[in-house]
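Reading through the structure tokens given below for one structure.
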Amino acid sequence: MEACINIRLKHQACPCQFELACRDSKAVTTTLTTKWPSTPLLLEASEFLAEESQDKFWDFVEANQNIESDRDDTDLAYYDLILKRASVLLSPVQLNLLKLALSLRAYSSTVHSFQQIASNEPPPPGCKAFFNIHGQTSCDTERLKVMLDNAVERPKPYLFKGDHKFPSANPDAPVVILYAELGTKEFTRFHQLMLAKANKDLITYVLRHFLSNPSKGRVHLSGYGVELAIKNQEYKAKDDTQVQAGADVNATVIGENDPVDEVQGFLFGKLKTIYPELKEQLKELRKHLIESTNEMAPLKVWQMQDLSFQTAARILAAPSVDALNVMRDLSQNFPTKARSITKTVVNSEIRKEIEENQKHFKGTLGLQPGDSALFINGLHIDLDVQDIFSVFDVLRNEARVMEGLRSLLIDTPYIHDILKLNVQPSDSDYAVDIRNPAVNVSYVFFFFVCLFCFLGERIENKPFFFSFSIIVCLSLVISVFLSVCRIGVVFVVNDSDEVDGMQDAGVALLRAFNYISDDVDSQMSFDMLNRVPSGGKLKVEETDGVLEKRYPYVEISSILGPDSAYDNNRKEGKAYYEQTGVGPLPVVLYNGMPLQREQLDPDELETVVMHKILETTSFFQRTVYLGELNSDHDVVDFIMNQPNVVPRINSRVLSTNRNYLDLSATNNHFIDEYARFLFLDTKDKNAAVANSFNYMTKKGMSTRDASDDGIIRPVTFWVVGDFDQPSGRQLLYDAIRHMKTSNNVRLGVINNPSENTSNEKSLIARAIWAAMQTQTANNAKNFITKMAKEETAQALYGGSDIAEFAVGGMDVPLFKSAYESPNVNFLLAHSAYCRDVLKLQKGQRAVISNGRIIGPLEEGEVFNQDDFLLLESIILKTSGERIKAKIQQLGMVEDRASDLVMKVDALLSSQPKGEARIEHTFAEDRYSAVKIRPKEEEVYFDVVAVVDPVTRDAQKLAPLLLVLKQLVNVNLRVFMNCQSKLSDLPLKSFYRYVLEPEVSFMADSSFAPGPMAKFLDMPQSLLFTLNLNTPESWMVESVHTRYDLDNIYLEEVDSVVAAEYELEYLLLEGHCFDVTTGQPPRGLQFTLGSASDPVIVDTIVMANLGYFQLKANPGAWILRLRKGRSDDIYKIYSHDGTDSPAEADDLIVVLNNFKSKIIKVKVQKKPDMMKEELLSDDTHENDSGFWTSITRGLTGGSKPEEPKQEKDDVINIFSVASGHLYERFLRIMMLSVLKHTKTPVKFWFLKNYLSPTFKEFIPYMAEKYGFQYELVQYKWPRWLHQQTEKQRIIWGYKILFLDVLFPLAVDKILFVDADQIVRTDLKELRDFDLEGAPYGYTPFCESRREMDGYRFWKSGYWASHLAGRKYHISALYVVDLKKFRKIAAGDRLRGQYQGLSQDPNSLSNLDQDLPNNMIHQVPIKSLPQEWLWCETWCDDASKKKAKTIDLCNNPQTKEPKLQAAVRIVAEWSDYDQEIKRIYNNFLEEKERGTTDSYQQTDKKHPEETMNFFMII
């Protein structure tokens, strides 16, 4: 090899042979930073710990409060110290995940959100740290006592879900919020003071991060992709303006240690290691190979056919340790690698195995050849939807579960078997038994559906309230479903014998119903309910009136009076209601299953019941087919004998919002070691309590050492209560009664005394404990059962001797010695456990089932034997039986096995609810998969990827897998899923995924500048466009570069094109619906702001999914209905996903991470506004508030004190541009508009793709020419089919979002293409009569006959679709926004787009094909031909009448745009020179530093007002 290299390099001086190698290589780099200041890694690490648990957060705070004095000078030493302190609290896997989190800066947004919250206080002047007590702030500790003393006079502050609240036992204590920076001297001083008071329960202590002196730097982000796409050069679209010389920030960071490993089969990374003495020669050889490869001569079609298989073969040929590196290199640099890959021979075994596996992929995973998929421990990771932050959450949750299972001493092979158990709690589908005499049933027509209402008012001595929802419950159900339902009603009314129907409206209605049902007709009784007036409290007279009208011959007092014979089911109804526990009235049961509260809305109920009837129909069809149900069966009995039917439903038990204990610790602590127990952390306390139990079971009692039988009991109940109080004893008694009926249950007790522990006040608790410790299983159980009875307790506290209650066979002396012992450690430990871990007040009751905490139970709340049955059935159904089956395979003794079932259940069930794991088995992985085996005896992640190596997914997946491999122990298999018979180059772009497993440092131990995308050694003859592929919730913009990122031509570049982007905002998305109609309220507007600045951004709700989006930086923001018609007509009804309590008027939304935030808001019209419409023709949106603040746009246009122009007297022009050439055209188009009108003009530009140069210059131009402008910004909605090519994305923005892009105050908007020249006053076009159409377009010219062969709309699909209508061009159009919104044109266009865009062959010219395709649904008004003249399609004679000239591409001549502009438009060069003069003046003023007054205002701090509209 050495000889070979030397031979190759002997000729390097020869200029003819190695000319390419001597040229400098060119590079493109990209960085992305936040808009907010860099946050300290220490604070970010604390937030990572907080997500593990609040206990770990406070332990970390305690350990690091003096870190500034402990650290060395270097950044590396500071970083290592943070990791060292964290490692005490984290496992090795968690520590590696912390390293990734710090590299991603995943918690920077969390830290900064607290900074924004602090700025709203605001901080007192001169304070480096401060505290807030109920709205008063100070940093003077002397004032603390006074502020605390009068705190009760002021309301408590609102605490956010992410706040750090120190554990406290006094919820009524004043709340003190400390704003300080962890690790500083100021923090330590305040923290110690607050800690002392919190430990004495004098305050509720809350800590929020606050930096008094934020960093000057910005956070460098990673977790995004950068694409360098090869641009089609068919039409020359490159600006000829010379780029100014100057140094780019990123240019200096390209070192020599970043080369790609493999070039044409040479692994240079390895060669440099093996032959260090040949470093320089290897460098030159590598450069030569790259340059010779980069020439990229086009491949023949036959060469491309097998590229996918050939790339896979190249990857599979590499050693497994290098295979992922090879895959990353080949996929991310595919255009330059393709030629060498064509020489690869594909082994027949590889091809055969891939094709066999593809049958499996299609059958089990639904994957076609070329598709990709990623699974981590069987969880599907959708690469299109999930970003690195959601993957990080998956890794973290999985690590928590796997390490928990490992700490329970389960061997690694079994861990993955247990993980595959789907134990997620399902939504409640339990039913109660409706076979009860209290149910009044109509037998009109029976169709295997039983649906009935609980009707009434539960509270006694209150008027019967015949509410609207009850009328809905009855009238809708009866009128719509009587023909297919068996319908019943249960009256829940005052059941006192002293009350009759002449006094109580509820009793009157019941008796009237019974009279009609018994003496007239059961169906007529339901008809009577429909005739009773609704909408208020029911009166006796109203029922009276109905009876008198319908049955005038009857004596009313005989029906309603004291001697009525129609009082049946009055007491039974109320008793049945209380026994079933179905919750607040009214309730509707469908086959015994309660409908959700929101499903009782009028618009919901009909739909819900119809869906349920359809579901039930299919269920019965199946049971009849299988012979489980036939004509001999009673169908009601059949329904009520289903396994989901229980005697009682308890909403606490059925709730899917569940809280679990962490039972994953294993230790040898017990509660009788009270002094040691107190100092254990929460996890170890749980383990100590679990270790100390002797459980009661049906056949006796089990202990840690032995049990009465070999049964594994999958359900473990811990009953918590004060057993020396009646309520605690009753709970225990009901639990014991249930336990005696089930072999699945074991029962433990935890005493939570109401008063301080003493022997005198704990007679029952001590008796129970002593019996458990000293007696045989059966005797202890029988004795404890006796202790739980009320008469036993009364006798004991009356002075009776405990021995009187001994059961047969008890060892009484042994029992009494334990009972009378002064050692009450178990009571003290139980009391401390209830307070510190279970967070219960003294004496409060709770039930813990397999680690799930149900409680605290309210005083008087019933939790009886039926509730324990329901709880048991839920556990068995969702998790218990499955876990038990797995644990049985481990072959453990019964009690250890039952313990393990309990602990595993608590661990698995506590995980966030998600999709079920997918069991994937593959045909073969011998030849066609990259395999990396895990380290033995360590917990590992099972990672399976299916990928075609020549797809965008491979470009993203390879670097992700490489980081995973470095980060955690993985069992990795990457299966190739290749496509055959390719006819085009599958990848036409270079790609980099910016992701590092750990923070990197410079040689001097300082922080490296940050993660960066580097494209080294790129081909110089190609034209590139740069695109960022960021997480869905990020809104980024280019903020600094000298070069045109839309047209990168490296031959004209000095060395490095350095692109700097900024994360401008995080996205808040939502869906809004009107609860009355169930439809989105089109045109409704929301505002987002803060208390001091209520309107920072504004948005409009669209009809598609009720979607809206807003933008903000991390912090707590207030969402409101916008003042004006939105706020006048609507009110917020409910909300989900916000940080506000349910009853709040203003919604608080906290943005505190990089993940997507999606909220749901329901609104309702105000009662006096039911007939009002937001988008009515005769009303105008009030221009007050936010829109007033932007009348000047981002410009030096009309001054605030000048009278505001009428909106009808402004020409609003919308345009888009990307790249320096089109921005040059855009400036010239603007100038041509301004030269031909005296009417004020406002330009609206899509900000997403504008260059930093344009954004910097436009304020100056606006000042000089006196126009207004606004930069609008938009993130393509995730639910709308995504385009990947930049040009098509821009086309989409031109047409898809017109209804929500502009404020309601804008009535008409003109779109003018950037490459147009205007020769007339556009006021004429604005005022053009569209004759009722929502928009007007100019048809394509047809006068230039030589272009007939290119007029595609004259034949085929378009000819038949248009049916004689014109095909219109999208270069110029006018939109009547009021009409456009009124007919929901935007929603129709988006709907059609969603359907057509799935086909890559549809909508080839998206911006004009879509409106022309929709011409029958959204009519187009054809503008006169002179409104748009284009040389390609129009003859020369018509040019003189042209009002605008468009520089259309010519498919015949392919003439470059610049050349065509100078030739076609006489005035174009003059305009160009004028703009250049203005621009040069701007540069001179900028050089002198006098351009500040022109700068755009959106460069302000994110918490200040942003004077630009965000388009939605």
Side-chain angles (χ1 to χ4, degrees), residues 109-110 113 161-162 223-224 382 384-390 393 1028-1037 1063-1074 1079-1089 1095-1122 1126 1132 1134-1140 1146-1163 1246-1248 1272-1283 1289 1292-1293 1296-1297 1299-1301 1386-1387 1390-1391 1393-1394 1502 1506 1508-1512:
S109 51
T110 316
S113 69
K161 293 172 186 172
Y224 61 94
D382 189 334
D384 292 327
V385 176
Q386 292 179 280
D387 51 47
I388 186 60
F389 300 98
S390 53
D393 283 346
L1028 253 63
N1029 178 227
T1030 61
E1032 287 286 351
S1033 61
W1034 292 13
M1035 299 184 77
V1036 303
E1037 66 167 337
L1063 174 60
E1064 197 180 10
Y1065 298 104
L1066 296 172
L1067 203 61
L1068 168 65
E1069 296 173 279
H1071 299 276
C1072 179
F1073 292 90
D1074 183 329
Q1079 299 299 313
R1082 286 192 302 116
L1084 188 75
Q1085 292 182 282
F1086 285 107
T1087 62
L1088 193 70
V1095 185
I1096 293 178
V1097 286
D1098 193 301
T1099 187
I1100 303 173
V1101 175
M1102 66 168 62
N1104 299 107
L1105 306 177
Y1107 178 76
F1108 63 89
Q1109 62 174 230
L1110 291 152
K1111 60 184 179 180
N1113 273 311
W1117 306 99
I1118 302 172
L1119 182 75
R1120 298 183 177 97
L1121 291 173
R1122 188 181 159 220
S1126 294
I1132 291 174
S1134 66
H1135 48 92
D1136 183 33
T1138 68
D1139 290 71
S1140 293
D1146 292 336
L1147 307 188
I1148 295 173
V1149 181
V1150 177
L1151 295 177
N1152 61 359
N1153 58 51
F1154 289 120
K1155 291 172 284 190
S1156 299
K1157 178 90 170 180
I1158 302 174
I1159 63 174
K1160 294 176 184 174
V1161 182
K1162 289 185 178 179
V1163 294
L1246 188 68
K1247 186 179 182 183
N1248 300 38
V1272 290
Q1273 199 173 9
Y1274 191 63
K1275 182 79 174 180
W1276 195 287
R1278 68 182 71 228
W1279 48 266
L1280 195 64
H1281 179 71
Q1282 303 282 329
Q1283 295 292 332
I1289 295 171
Y1293 279 124
L1296 288 174
F1297 310 109
D1299 52 337
V1300 288
L1301 191 56
D1387 306 299
R1390 286 186 289 269
Y1393 163 81
Q1394 187 74 352
M1506 295 165 251
F1508 55 88
F1509 175 60
M1510 177 195 174
I1511 73 170
I1512 298 305

Check whether any side-chain N or O of [X] sits under 3.5 Å from a backbone N or O of [Y] as a donor-acceptor pair, and report yes or no.
X	Y	value
K1275	W1034	yes
S1126	L1121	no
D387	S390	yes
T110	N1152	yes
D1074	Q1079	no
Q1394	H1281	yes
K1157	T1138	no
S1140	V1149	no

Contact check, side chains of Y1107 and L1280, non-hydrogen atoms, under 4.5 Å: no
Minimum side-chain heavy-atom gap P1031-F389 below 4.5 Å: yes
Lys/Arg-Asp/Glu bridge criterion (N-O < 4.0 Å) met for K1247, E1064: yes
Lys/Arg-Asp/Glu bridge criterion (N-O < 4.0 Å) met for D1299, R1082: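 No, this pair does not count.
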Result of checking V1161, V1101, I1158 against H1071 for side-chain contact (heavy atoms from CB on, under 4.5 Å):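 Result: among V1161, V1101, I1158, I1158 is the only option passing the side-chain contact (heavy atoms from CB on, under 4.5 Å) with H1071.
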D1098 and its salt bridge (charged side-chain N to carboxylate O under 4.0 Å, His left out) partner, picked from K1111, R1120, R1122: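 With D1098 as partner, K1111, R1120, R1122 yield a single salt bridge (charged side-chain N to carboxylate O under 4.0 Å, His left out), made by R1122.
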Sole candidate of F1073, F1086, F1297 that passes ring-ring contact (aromatic ring centres under 6.0 Å, His included) when paired with F1108: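 Exactly one pass, corresponding to F1086.
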side-chain contact (heavy atoms from CB on, under 4.5 Å) assessment of Y1065 paired with V1097: CA-CA 12 Å; Y1065 298 104; V1097 286; over 6 Å; no
Working to the nearest 0.5 Å, report the span between [atom1] of [X] and [atom2] of [Y].
X	Y	atom1	atom2	value
I1100	L1084	CD1	CG	10.0 Å
L1088	I1118	CG	CD1	9.0 Å
L1110	T1099	CG	OG1	4.5 Å
S113	N1113	OG	CG	11.0 Å
L1068	L1151	CG	CG	5.5 Å
Y224	L1028	OH	CG	6.5 Å

Nearest heavy-atom neighbours spanning [X] and [Y]:
X	Y	result
L1296	R1390	O-NH1, 2.7 Å
S109	P1114	O-CB, 3.3 Å
P1080	L1105	CG-C, 4.3 Å
K1155	D393	NZ-OD2, 2.5 Å
I1148	A1116	CG2-CB, 4.4 Å

Passing option when N1248 is tested against W1276, Y1274, Y1293 for side-chain hydrogen bond (donor to acceptor under 3.5 Å, both in side chains): Y1293
Evaluation steps, side-chain contact (heavy atoms from CB on, under 4.5 Å), between Q1282 and E1032: CA-CA 11 Å; Q1282 303 282 329; E1032 287 286 351; 4.3 Å; yes
Worked verdict on Q1283 versus Y1393 for side-chain contact (heavy atoms from CB on, under 4.5 Å): CA-CA 11 Å; Q1283 295 292 332; Y1393 163 81; 3.0 Å; yes
